[in-house]
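Structure first, then comments.
From a predicted model like this one, the values you see are computed outputs, not experimental measurements.
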Amino acid sequence: MRTTFSSLRVRNFRLFFVGQLVSQVGTWLTTVALTLLVLHLTGSGLAIGFLVACQFGPILVLGAWAGLIADRSDKRHLLLITQTLEMLQSGALAILAFLPHPPLTAMYATALAGGFMLAFDNPARRAFVPEMVPEAEMHNAVMVNSALMTASRVVGPALAGLLAVTVGFGWCFTLDAASYVAVLVSLGRMRPAELRQPPVTRRAHGQVRAGLRYVRSVRELFIPLAMTAVVGTFTFNFSVVLPLFVEHTLHGNDATYTLVYSVLSIGSVGAALVAAHTTRVQVRHVVMLAAAFGVAMLLFAVAPNLAASFPVALLVGFASVAFLTAISAIVQLRADPSMRGRVLALQAVVLIGSTPIGGPILGAVCDTFGARWGLAIGGVAALGASGWGFLAARRPPSRPPAIVRGPHGDDERPWASDHAHTGPSKPARTAVRSVR
């Protein structure tokens, strides 16, 4: 236990952990309640897919630029702004849900506003984690933060189901709005002098393109992110496929759906705790975990009844979060500090921003052929991504691009902007050299 949670001995990170734990439970309240509310109002998988497009479409459009904003900003101050705006958005959803006939268009518009806030919040929040702990604890902090995100998935969906069937959807959104107080207090009580803030990236032309070139030049980043684009589009659309599978195919109800989601999340927490105890993640681990995720999804698709779906849901939860945690670890630990916000934003684009593409497609497939086909497509996509990743990792690395001389004669990185230069850290140079 001391090894698994060693980073919690750092005061700033401990405050962040507690605040985010409360806030993330509230976030899952809204995620589950909003999905169920739209399903009740429409009964349509395509309508749920459009909701997902509103929630995550801004990440697809703005993600790369939002990552650059995170690199240019004091992340603690940026988080105070985004978390306050997200609290107001949850309050607006609560007002709509308490109406006798909630207007669907207004809920879509409010979800879209939340998507814009998430586009800026996600890279800033994740890039902030390494700044709160000493370098020796950075790996553990990243893994413990991933465990936090998945632990909230156990309590949040179960609480959302309980509130939805007892007091109504409006109270789910109300509690979510209140949960943001915890994270705002935790951010306010931090000691800024104890943060390890990297130099703020200076404004220059071409910095978003520089981030894309950087990822493309580092194969240890490019392969996992390319795999994530496929898995995020077709496999991670649980919010679309799972309620349709449980309520329409297995003939369950709201309480059953949240129970299945909670069981899935218990498997997720197990994977996160195992990941928190690991010391090294490589591309081959991502490839194997994507294959395991694909197999688990195919088994889930053929579950004959609710009783059989519970043990498979544990496996799906474990495999999905093990894959996601491995991706997150590689991205956060291997990226150059000056590029970390942009790389994390790119990960959010391919993982979360891809759901507006896959969500409506899978919703239409579920409406036409049944939810089992939606799960099966996700399983095949994960297996296909695993096969491509295996072959790409075995391919000899291409010849590295030529080094460009800076205006003062110093060597600039091949991915750097022509108008700005910040020297790479030693860990980043070592990571790139090992890949090449």
Side-chain angles (χ1 to χ4, degrees), residues 21-56 83-115 117-118 151-184 238-266 306 313 359 363 366 371:
L21 181 60
V22 176
S23 178
Q24 288 300 315
V25 169
T27 298
W28 278 104
L29 279 175
T30 287
T31 300
V32 173
L34 189 56
T35 300
L36 291 176
L37 182 55
V38 171
L39 181 60
H40 281 198
L41 292 173
T42 64
S44 168
L46 186 60
I48 297 176
F50 186 67
L51 171 67
V52 170
C54 291
Q55 290 173 312
F56 305 120
Q83 296 285 300
T84 300
L85 293 175
E86 287 177 355
M87 178 173 64
L88 296 176
Q89 183 244 356
S90 296
L93 284 174
I95 294 173
L96 293 172
F98 279 123
L99 296 176
H101 302 287
L104 189 62
T105 303
M107 286 192 292
Y108 281 146
T110 309
L112 182 63
M117 300 166 205
L118 182 62
S152 63
R153 295 173 58 173
V154 178
V155 180
L159 186 56
L162 176 63
L163 293 174
V165 300
T166 54
V167 297
F169 295 105
W171 285 104
C172 296
F173 305 127
T174 301
L175 286 180
D176 180 28
S179 72
Y180 283 99
V181 174
V183 70
L184 292 175
F238 291 143
S239 59
V240 176
V241 180
L242 194 57
L244 298 172
F245 179 63
V246 173
E247 298 198 14
H248 291 180
T249 303
L250 300 182
H251 309 293
N253 52 32
D254 290 352
T256 311
Y257 163 66
T258 54
L259 182 59
V260 172
Y261 212 124
S262 296
V263 170
L264 184 148
S265 300
I266 291 172
L306 278 169
C366 292

Checklist entry - Hey, what do you get for OG1 (Thr84) to CG (Leu184), rounding to the nearest 0.5 Å? => result 4.5 Å
Item to check | Interatomic spacing from CG in Leu244 to SG in Cys366 - rounded to 0.5 Å | outcome: 5.5 Å
Next on the checklist: I need the minimum non-hydrogen distance between Gly359 and Val240, along with the two atoms involved.
Outcome noted: O-CG1, 3.8 Å
Checklist outcome for this item: Of Gln83, Met87, Gln24, the one forming a side chain to side chain contact (heavy atoms under 4.5 Å, CB included) with Val183 is Gln83
Next on the checklist: Testing the basics here: between Pro243 and Phe238, what is the closest heavy-atom pair and its distance to 0.1 Å?
Outcome noted: CD-O, 3.4 Å
Checklist entry - How about Val260 and Leu306: do any of their side-chain heavy atoms sit closer than 4.5 Å? => result yes
Next on the checklist: So, taking the atom named CG in Leu85 and the one named CG in Leu118, what distance separates them when rounded to the nearest 0.5 Å?
Outcome noted: 12.5 Å
Checklist entry - About how many Å separate OG of Ser179 and CG of Leu29, when rounded to the nearest 0.5 Å? => result 7.5 Å
Checklist entry - Is there side-chain contact between Leu46 and Phe50, with at least one heavy-atom pair below 4.5 Å? => result no
Checklist outcome for this item: d(Thr35 OG1, Phe169 CZ) to nearest 0.5 Å is 10.0 Å
Next on the checklist: If I compare all heavy atoms of Ser44 with all of Leu39, which pair ends up nearest, and what's the gap?
Outcome noted: N-CD1, 4.3 Å
Checklist outcome for this item: Here the gap from Leu51 atom CG to Leu34 atom CG, rounded to the nearest 0.5 Å, amounts to 4.5 Å
Checklist entry - For the residue pair Ala160 and Ala33, what are the closest heavy atoms and their distance? => result CB-N, 4.5 Å
Extract all donor-acceptor atom pairs below 3.5 Å that involve side chains of residues 90-111 and protein atoms in other chains or at least two apart in sequence.
from: Ser90; atom 1: OG; to: Glu86; atom 2: O; distance (Å): 3.3
from: Ser90; atom 1: OG; to: Asp176; atom 2: OD2; distance (Å): 2.6
from: Tyr108; atom 1: OH; to: Ala47; atom 2: O; distance (Å): 3.0
from: Thr110; atom 1: OG1; to: Ala106; atom 2: O; distance (Å): 2.8

Next on the checklist: Apply side chain to side chain contact (heavy atoms under 4.5 Å, CB included) to residues Leu159 and Trp28 and explain how you reach the verdict.
Outcome noted: CA-CA 9 Å; Leu159 186 56; Trp28 278 104; over 6 Å; no
Item to check | Heavy-atom check, side chain of Val25 versus side chain of Leu175, under 4.5 Å | outcome: no
Next on the checklist: Which heavy atom of Val241 sits nearest to which heavy atom of Ala371, and what is that distance?
Outcome noted: CG1-O, 3.8 Å
